[in-house]
Amino acid sequence: TEIGPGDKSKLTQKKPQEYMFESVLILKPGLNIIDMVAITENGTINSEKRQINYVTPELPVLVWKNKVPDQSVMNQPSMEINLAIKSSAKLDDIEVFLNGTKLENINLLSNIKKENEDFVLTGNLTLKPGDNKIYVNAGNVAGKSVSETLSIKYLVPSMPVITWANPET
């Protein structure tokens, strides 16, 4: 694409025979080659070519690696979470939610590992007695995505109660 006088480019003289050219370029997906040409009364000169490979950002894709059936019942106070996050761009943000509340006490950065092309979030999550709804938000430059919600019921184990059917015998 050729940039002409009608665009919003800016040419500023810094010193005698030294100019700065500023412009906003819109990159196309894939390989972009930038080549500057300066024309003066003394002749024409080309800059060295610059190559920029622009990868179109896509929203992260979140997939549970240890998905449990909906409304699973557990008698343990915690569970291991294991979530694969596919993202072509660097992850900016990851949040874990339990019953709609963001968990602040989970150190996510130390729990994220790179496996092949995926980021994998692992960790131990403490469940609350009763219904637990768990989901994860992950964001990159393209925006945020939300995982599928895991629904787990934690039944607090209790000691058996012994009663006598006929206490007098």
Side-chain angles (χ1 to χ4, degrees), residues 1-68 78-128 132-152:
T1 303
E2 193 170 307
I3 297 174
D7 61 40
K8 296 187 179 183
S9 301
K10 185 172 153 187
L11 185 63
T12 309
Q13 185 171 5
K14 295 295 182 183
K15 298 177 188 173
Q17 297 185 356
E18 184 179 318
Y19 294 86
M20 179 186 296
F21 177 76
E22 297 176 75
S23 183
V24 174
L25 300 176
I26 297 173
L27 301 175
K28 295 179 181 171
L31 186 63
N32 293 267
I33 299 172
I34 300 170
D35 183 19
M36 302 273 298
V37 179
I39 303 170
T40 69
E41 58 192 39
N42 296 332
T44 302
I45 188 166
N46 287 39
S47 70
E48 61 183 76
K49 292 182 181 182
R50 298 288 173 130
Q51 295 184 1
I52 298 173
N53 189 19
Y54 175 60
V55 178
T56 307
E58 295 175 1
L59 288 172
V61 176
L62 293 79
V63 179
W64 290 105
K65 292 179 81 172
N66 64 334
K67 185 171 181 333
V68 294
S78 65
M79 73 171 281
E80 184 75 23
I81 59 171
N82 195 340
L83 181 79
I85 305 169
K86 297 178 190 308
S87 179
S88 60
K90 175 182 156 275
L91 292 174
D92 296 329
D93 188 25
I94 297 177
E95 302 167 314
V96 178
F97 289 83
L98 177 62
N99 295 332
T101 302
K102 180 180 169 185
L103 298 179
E104 301 291 344
N105 61 343
I106 187 165
N107 185 358
L108 295 174
L109 294 178
S110 65
N111 295 339
I112 297 175
K113 306 281 186 270
K114 186 83 167 148
E115 286 182 12
N116 300 321
E117 297 300 313
D118 295 346
F119 296 95
V120 177
L121 170 66
T122 59
N124 207 5
L125 186 69
T126 301
L127 300 172
K128 297 186 184 273
N132 291 269
K133 302 227 181 275
I134 303 161
Y135 63 93
V136 177
N137 284 348
N140 64 18
V141 69
K144 279 191 177 186
S145 293
V146 180
S147 71
E148 185 178 345
T149 300
L150 297 181
S151 295
I152 297 162

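Since the model is a prediction, treat every value here as computed from it, not as a measurement.
Closest heavy-atom contact between Glu80 and Asn124: N-OD1, 3.8 Å. Heavy-atom minimum distance, Ile152 versus Ile134: CD1-CD1, 4.0 Å. Asn99 and Asn132 make their closest contact through OD1-CA, 3.3 Å (heavy atoms, listed as atom of the first residue, atom of the second, distance). Across Thr149 and Tyr135, no two heavy atoms sit closer than the pair OG1-CB, 3.8 Å.
For Glu58, there are no side chain to side chain donor-acceptor pair (under 3.5 Å) partners, not counting sequence neighbours. Remark: Ser87 engages Asn140 in a side chain to side chain donor-acceptor pair (under 3.5 Å) (not counting sequence neighbours). The side chain to side chain donor-acceptor pair (under 3.5 Å) test applied to Asn32 returns no partner, not counting sequence neighbours. For the ring pair (Phe, Tyr, Trp, His ring centres under 6.0 Å) test, no residue two or more places apart in sequence or in another chain qualifies with Phe119. Residues meeting the side chain to side chain donor-acceptor pair (under 3.5 Å) test with Asp118, sequence neighbours left out: Lys86.
Separating the NZ atom in Lys67 from the CG atom in Leu150 is a distance of 6.5 Å, to the nearest 0.5 Å.
Annotation for Glu18: atom CD counts as buried by contact number, over 12 foreign heavy atoms lying within 6.0 Å.
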- Could you go through the side chain to side chain contact (heavy atoms under 4.5 Å, CB included) check for Val96 and Leu121 one step at a time? CA-CA 10 Å; Val96 178; Leu121 170 66; 4.1 Å; yes
- Are Met20 and Gln13 close enough, and set up right, to give a side chain to side chain contact (heavy atoms under 4.5 Å, CB included), and what steps lead you there? CA-CA 6 Å; Met20 179 186 296; Gln13 185 171 5; over 6 Å; no
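Lys65 and Glu115 are joined by a salt bridge, as a carboxylate oxygen and a charged side-chain nitrogen come within less than 4.0 angstrom of each other.
The backbone N or O of Gly139 lies less than 3.5 Å from no partner atom in the side chain of Asp93, so there is not a single donor-acceptor pair. Under the 3.5 Å distance criterion, the side-chain polar atoms of Trp64 are matched with a main-chain donor or acceptor of Glu148.
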With a cut-off of 3.5 Å and sequence neighbours excluded, list every side-chain donor-acceptor pair involving residues 43-57.
from	atom 1	to	atom 2	distance (Å)
Ser47	OG	Met36	N	2.9
Ser47	OG	Met36	O	3.4

